[in-house]
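Counting starts at 1 for both ligands and their atoms, following the listed order.
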Amino acid sequence: MIQPGQTIGIIGGGQLGQMMALDAKQTGMKVLVLDPTPACPAGQVADDQIVAEYADVAAIEELARRSDVLTYEFENVDLNALKDVADQVYVPQGTHLLYTTKNRIREKTFLRDAGLQTAPFRAVKDAADLKRAVAELGYPCVLKTCEGGYDGHGQEVLHSDADLAKCTGILSTRDAILEGWVPFELECSVMVGRNENGEVTVFPVAENIHHDEILHISIIPARISPELQKKAQQMAVQIAHAIDLRGILGVEMFVGRDGEIYINELAPRPHNSGHYSIEACNFSQFAIHNRAVCNWPLPKIDLLKPAVMVNVLGQHVAGVREQIAKQPNWHFHDYGKAEVRHNRKMGHVTILTDDVEQTLTEIDNTGIWSE
Ligand code: AMP
């Protein structure tokens, strides 16, 4: 067990690292962050920051030397560097989880082998593979880069042969995956935490609405039947055990029009759709992550009140700041990023509510998110 007073080292200093660090400070831990941007969001609240690139081996070694437990806030961690320091510092999450989730083929293969339903998929390396895969899966389908894509980047949705030409960009640079289209009712996600002793705890199901491929709103609990909610949570727990999870994992899912749940993606870290848990649950996703990597016992998660979480992107910041004086019930989170850019995640707002529909209307009525 890692004790208060010992140091959690975090690779990556964005908002996820910041909220991890805020929770860790609350329990008396020390926090050291590695990030190339001076005074990055996590650096602002940590005890100290090493300002260096994520792949800087000397910097990762310094982080390992000065930490008692090492974790990360994103998946693009240098696996070899992490492996190299694993004998110097406790790395509870290991490298297998990252290795699996970094690559969409490996991730979907793992899920399929663990008995979970995903979209049908084929590995695609070139135009000939693509033709064959399209013939097998049919239209519509979606071509994605195997690695490095996020928020819809590195993806092409294909409706007919005419769209094949759009794929040359993706195919010229990287290995790809073709997925059959899942006609879905809605998208949802479940956060699940597990520690070294195999104790598991699972969060309520969040319903996720995206704009421009970026998460816009999460509604908790998701507006699906209690049976489906239970099934989604059970699937997340099944995945946590199958992958021998340590820490927190985000499981993104589609609720298909056929009433089945399909796993879309795994995030081996806290997830944007779990931010609501800071106010709406007895323990947040960040608290569960920290407890799990420090091998503390894990509590059962209770939803204290339904919640709506809205992301604040660069274009929403001014409007949201204006609302501070008018919205006593909004929980504002500002990540403290120096540069405001269009579509950059700058913060979020969580609203606890007994009337989700009314709250969604109120959010709409502000006009901030209407473009
Ligand atoms: P991803 O990066 O895999 O999360 O994909 C981004 C978004 O594209 C998802 O949130 C879905 O809205 C949509 N999408 C991706 N893959 C599929 C699929 N196989 N079937 C239906 N929609 C998909």
Find all atoms of ligand 1 within a distance of less than 4.0 Å from any non-hydrogen atom belonging to [X], and give their numbers and elements.
| X | value |
| --- | --- |
| Glu265 | 1 (P), 2 (O), 3 (O), 4 (O) |
| Asn264 | 1 (P), 3 (O), 4 (O) |
| Glu252 | 4 (O) |
| Ala119 | 19 (N) |
| Gln155 | 1 (P), 2 (O), 3 (O), 5 (O), 6 (C) |

Does Cys141 have a non-hydrogen atom less than 4.0 Å from ligand 1?
-> no

Could you point out which residue of Glu73, His275, His333, Lys337 forms a side chain to side chain donor-acceptor pair (under 3.5 Å) with Gln15?
-> Lys337

Indicate yes or no: does an N/O atom of Phe184 lie under 3.5 Å from an N/O atom of ligand 1?
-> no

Considering distance alone, does some N or O of Phe254 sit under 3.5 Å from an N or O of ligand 1?
-> no

Side-chain ion pair, [X] and [Y], N-O less than 4.0 Å:
| X | Y | value |
| --- | --- | --- |
| Asp244 | Arg194 | yes |
| Lys305 | Glu279 | no |
| Asp334 | Arg321 | yes |
| Glu260 | Lys231 | yes |

Closest to atom 10 (O) of ligand 1 among Glu179, Glu187, His210 (heavy-atom distance) = Glu187

Go through Leu158 and Leu178 one step at a time and tell me if the side chain to side chain contact (heavy atoms under 4.5 Å, CB included) criterion holds.
-> CA-CA 10 Å; Leu158 310 179; Leu178 188 78; 4.1 Å; yes

Just how far is it from atom CD of Glu107 to atom CD of Glu75, taken to the nearest 0.5 Å?
-> 9.0 Å

